[in-house]
Structure formats: structure tokens, C-alpha cells
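This report concerns only the one structure given below.
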Amino acid sequence: MLRRALPARPEARRILLGTLLSAIGRGLTLPFLFIYLTDVRGLTDNQAGLVIGWFGAVTLALSPLGGTLIDRFGARRVVLPCLAIEAVGTGSLALVDSIGTAFAVSTLIAIGGSALWAGQTTILASLTGDGERQRVFGLQFALLNLGIGVGGVISGAVVDIARPVTFQAIYLLDALSYLTPGLILLTLPHVGHRLVQARTAAARSAGGYLTVLRDRPFRRLVIFGLVLTTCGYAQIEVGFTAYSIRVVEVTPRVVAWALACNTVMIVLSQLLVIRRMEGRSRTRALAAVGAVFAAAWLVLGAAGLVGTGNALVAALGVVACAAIFGFGETMLSPVMPALTNALATDELRGRYNAMSSMIFGVSGIIGPVTAGPLLGAAHGRLWVAVVVGGCLAASALALSLRPLLTAAQDGRTAPAPAAQPQPVVA
């Protein structure tokens, strides 16, 4: 299954290797930023929350610009400096000593990260045909989670709040990890250039994000993504954790086990899932994701009803919720980017991918803001009802997208063979 999921072109395989290596570095630091800023660097909870929120806001604000630059200059000229900026910013976290420096460093990291996902997705899409993109994007997601899991295990055994140097070390290692995909890209001089010739000023004015937004199928896909991620991904960091601890009344350690189980589920099942999904409707797969996410939240809601009456069953419910959610992720991760790039044109591919990545940024703001008040109402039952209903609404939106797509775009037939786009080196 792994050989089948690997892309045909060796350049794409090397790009995936860079994804794995950088993900290990990301895993070293991912769970610890809030703890580092508060318990090690002395910021208050509110100050740390503002710093993290500021990072998300800047990233979201700059993402559209990143998509435009990718289309105009090529992903290579955007991704390489962004990786360097991200490395400098992440390494600088080791030197943070006040709220001012925390804001400055988070701004730098946000600038570097604003175009990375769209740029790397565009590069990978340019190196793969539509017939293999779904498999390759699924493999990319599995490698991303594998790397994060490995990094998390390593840092969990190393970091110590009483020894700030351990946190400084993992941030410096994370910075180095961002350089590895950049070094790999430098060894591939013909990868990541513009896919089409520069357009005239008149043609450029008629294109851009207005053209992307006029694409009715993609517009429907974006609405689906906003609803699903707001009621799905965006609830993991706040809603899932808060409900598990405050309503189900499990310990933080159980939540950590649940998140680890989520990662294990993704790594172990991703290759099997992408194999089973070949030749099947992408819109039906997206509808199934909404149903699976809804089932995960229902299991968590049932664990809340059990509560302290049976602590073991309640804990198993929390872990099962994370595992079921992870299974849904294995269906979403290959289909969403594959469908986005099936709808995109080469001259606007960067913008399509930038808008797709912005979905997670917008939902990442809406989800946490709405989770608190909902969890405070009726012992969290209202929160469960809203997120379950939202996931099912997303399923309906996915099914409504099917008539707007061709059979090839929906993944029901093999796409016609097409020549790989020739990059324009400028």
C-alpha cells in the first residue's frame, strides 16, 4: 500500500520526505507553546492567549497575499524565504523574555507560515497528476501526523518546566527542522516555478480572487469546509478538551492518551483508507466525514452522561471519540486538497490553495470563541447538539456539491491523461 501511495516522480517523493522531517520538529514544540509562555517565561494566561490569537490573525490576514505571490512568481520563490523566516522566528522563541518580544516573534512566525501550506500544496500538485493526487495528499497527511507524533514523544521525555534550557533546545531543533524542506527544494532547481506564462495587465485584472470566488463548485466546497472545520477541527483544542475535563471529569492525562490515540489511528489507517477510496465519489466521502465527526461527538456526549458514575467507561468514551475523529480525518485529508486542485487552473492554483488553507484559519477563530459559551449552557449538552448538527449540515452541503462536478472532478472516473505542466523559469 505504501508503494502504491508514493508519487511516481522522485521529486515529489523528496518533497514528502521534507514534510516528514519538518513535522518531527513541529511535534517537538506543538503541545507546549502556552505552557512555555506562561510557566517558563512568566506571561499571564491572558497575555499568552493574546499572543497565540495574534499569530492566528496575522497568518489569516496574510494568506491571500501568499496565494497571489505564488501565482505571480512561482511557489519556489515564496516557499524558500518563508521557510527561512519561519526557522528564524521559531528559533527566536528560545529568546522570548517579555510580552513585547513574544508578540514580535509570533508576528515573524506568522509571516513565514502564512504562505507555507498553500505553497507546498501547490508544489506537490504540480508534481502529481490528478489520478494520484488523492493518494499523495493522504500520504502527506499520514507522514505529517507520524512526524508530529514522533516529535511529541521525544519532547515529552525531555522538557522540564524547572529547566528552561530544555524548552530552548526544542525550539532551536524545530527551527532547524524548517530548513530541511528548504534544502531539499534547493536540490530540485526545476521544481516550484510558475506553471503558466505571465499574463497581461488586462488579463490579470480579470482574474485573481474574484475568479476563484465566482467558481460555484469551489464556493460550495469552501462553505462546506467552513461548517465542517468549525464544528470539527476547531473544537479539538478547546471544546473537546474542556468538555472532557469539566463535564466528563477525566484527568488531563486521559485527554493526552486520547490525542495520542487519534494520531495512531491516522498513521495506521490512512493508507488503507486512501486505497479503499480510489474510484469512489469524493463528495460522498466528504459527506461521510461529517457523519463520522458527528458520531465522534455523540460518543463524547454519551461519556458526559456517564461521567463519574463509571470513570473507566467515561475515559474510554473520551479516547474512542478521538479515535473515531481520527478515522474521519483520514478521509478528509486526501479528498479536500485533491478536489481543490481538480477545480483549480494552473494560473490560479496558488490562490485556490490559499483559500482552502484559510478555511482552517477562519474556523480556528470562530470555533474557540463559540465553544466557551456553549459549554457553559446545560452542562455542555448544547455544545454537543450544535457540533453534531453542524457536522451533519456539512454532510448535506457535500452531497449538494455532487451535481456541480464532473465525474472526473468527483473522482468517480479516472481522469484523462494529461501532460505535466511545464514550469516557467523566470
Side-chain angles (χ1 to χ4, degrees), residues 5 117 121 125 130-142 144-145 212 215-236 262 265-266 269-298 324-344 352-353 355-364 366-367 386-415:
W117 184 254
T121 302
D130 193 51
E132 63 176 346
R133 279 180 190 149
Q134 188 164 294
R135 298 194 304 270
V136 172
F137 284 129
L139 178 60
Q140 180 191 37
F141 185 69
L144 182 67
N145 279 273
V212 176
D215 185 339
R216 188 183 174 197
F218 183 67
R219 196 166 62 237
R220 185 73 56 87
L221 181 65
V222 168
I223 296 171
F224 157 82
L226 283 172
V227 175
L228 183 73
T229 55
T230 298
C231 298
Y233 275 105
Q235 301 298 331
I236 287 292
N262 172 271
M265 170 63 80
I266 292 170
S269 64
Q270 182 68 86
L271 293 178
L272 179 61
V273 169
I274 58 178
R275 181 180 179 183
R276 297 284 295 178
M277 288 173 60
E278 286 187 21
R280 300 177 186 271
S281 169
R282 288 168 175 165
T283 50
R284 287 185 178 177
L286 293 177
V289 174
V292 171
F293 281 3
W297 296 137
L298 285 173
I324 296 170
F325 194 92
F327 182 73
E329 291 178 84
T330 63
M331 290 189 287
L332 179 66
S333 61
V335 172
M336 193 74 175
L339 184 50
T340 296
N341 282 278
L343 295 171
Y352 272 85
N353 283 307
M355 281 205 67
S356 185
S357 69
M358 286 172 62
I359 292 171
F360 293 89
V362 173
S363 64
I366 299 173
V386 169
V387 293
V388 168
C391 290
L392 294 178
S395 294
L397 284 167
L399 292 176
S400 74
L401 175 60
R402 182 181 168 115
L404 305 179
L405 303 176
T406 65
Q409 289 171 334
D410 196 32
R412 286 172 275 141
T413 61

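Being a predicted model, the structure only gives us computed values, none of them experimental.
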Taking all atoms of both residues into account, what is the closest heavy-atom pair of [X] and [Y], and its distance?
X	Y	answer
Phe137	Ser333	CB-O, 4.0 Å
Pro217	Leu401	O-CD1, 3.3 Å
Val227	Gly390	CG1-O, 3.3 Å
Leu226	Thr229	O-OG1, 3.5 Å
Ile274	Pro334	CG2-CG, 3.8 Å
Ala342	Gln409	O-NE2, 4.0 Å

Suppose we screen for side-chain contact (heavy atoms from CB on, under 4.5 Å). Which residues come up paired with [X], at least two apart in sequence or across chains?
X	result
Thr230	Ser363, Ile366
Ala396	none
Ile236	Phe240, Leu259, Trp297, Phe325
Met355	Tyr209, Val212, Leu213, Phe218

Interatomic distance, [X] atom [atom1] to [Y] atom [atom2] [nearest 0.5 angstrom]:
X	Y	atom1	atom2	value
Ile223	Leu228	CD1	CG	13.5 Å
Leu139	Leu144	CG	CG	11.0 Å
Arg219	Arg216	CZ	CZ	7.5 Å
Arg135	Leu271	CZ	CG	11.5 Å
Met331	Arg276	CE	CZ	12.5 Å

- Message: My understanding is that only one of Thr121, Asp215, Thr340 makes a side-chain hydrogen bond (donor to acceptor under 3.5 Å, both in side chains) with Tyr352; could you say which?
- Response: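 By the side-chain hydrogen bond (donor to acceptor under 3.5 Å, both in side chains) criterion, Tyr352 pairs with just one of Thr121, Asp215, Thr340: Asp215.
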Point to revise | Pair Glu329-Asn145, side-chain donor/acceptor within less than 3.5 Å | key: no
* Asked: Between Asn341 and Asn353, do the side chains contain an N or O donor and an N or O acceptor separated by less than 3.5 Å?
  -> yes
Counting only pairs under 3.5 Å, give me each side-chain donor-acceptor contact of residues 284-294, with atom names and distances, residues two or more places apart or in other chains.
none

Could you pull out all residues at least two apart from Asp410 that satisfy side-chain hydrogen bond (donor to acceptor under 3.5 Å, both in side chains)?
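With sequence neighbours excluded, Asp410 shows a side-chain hydrogen bond (donor to acceptor under 3.5 Å, both in side chains) to Ser281, Thr283, Arg412, given in chain and number order.
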Any chance CZ of Phe327 has more than 12 other-residue heavy atoms, nucleotides or ligands included, within less than 6.0 Å? no
**OP:** In sequence, state the C-alpha distance, the side-chain angles, and the governing distance for Arg282 and Leu405, and then conclude on side-chain contact (heavy atoms from CB on, under 4.5 Å).
**Re:** CA-CA 10 Å; Arg282 288 168 175 165; Leu405 303 176; 5.9 Å; no
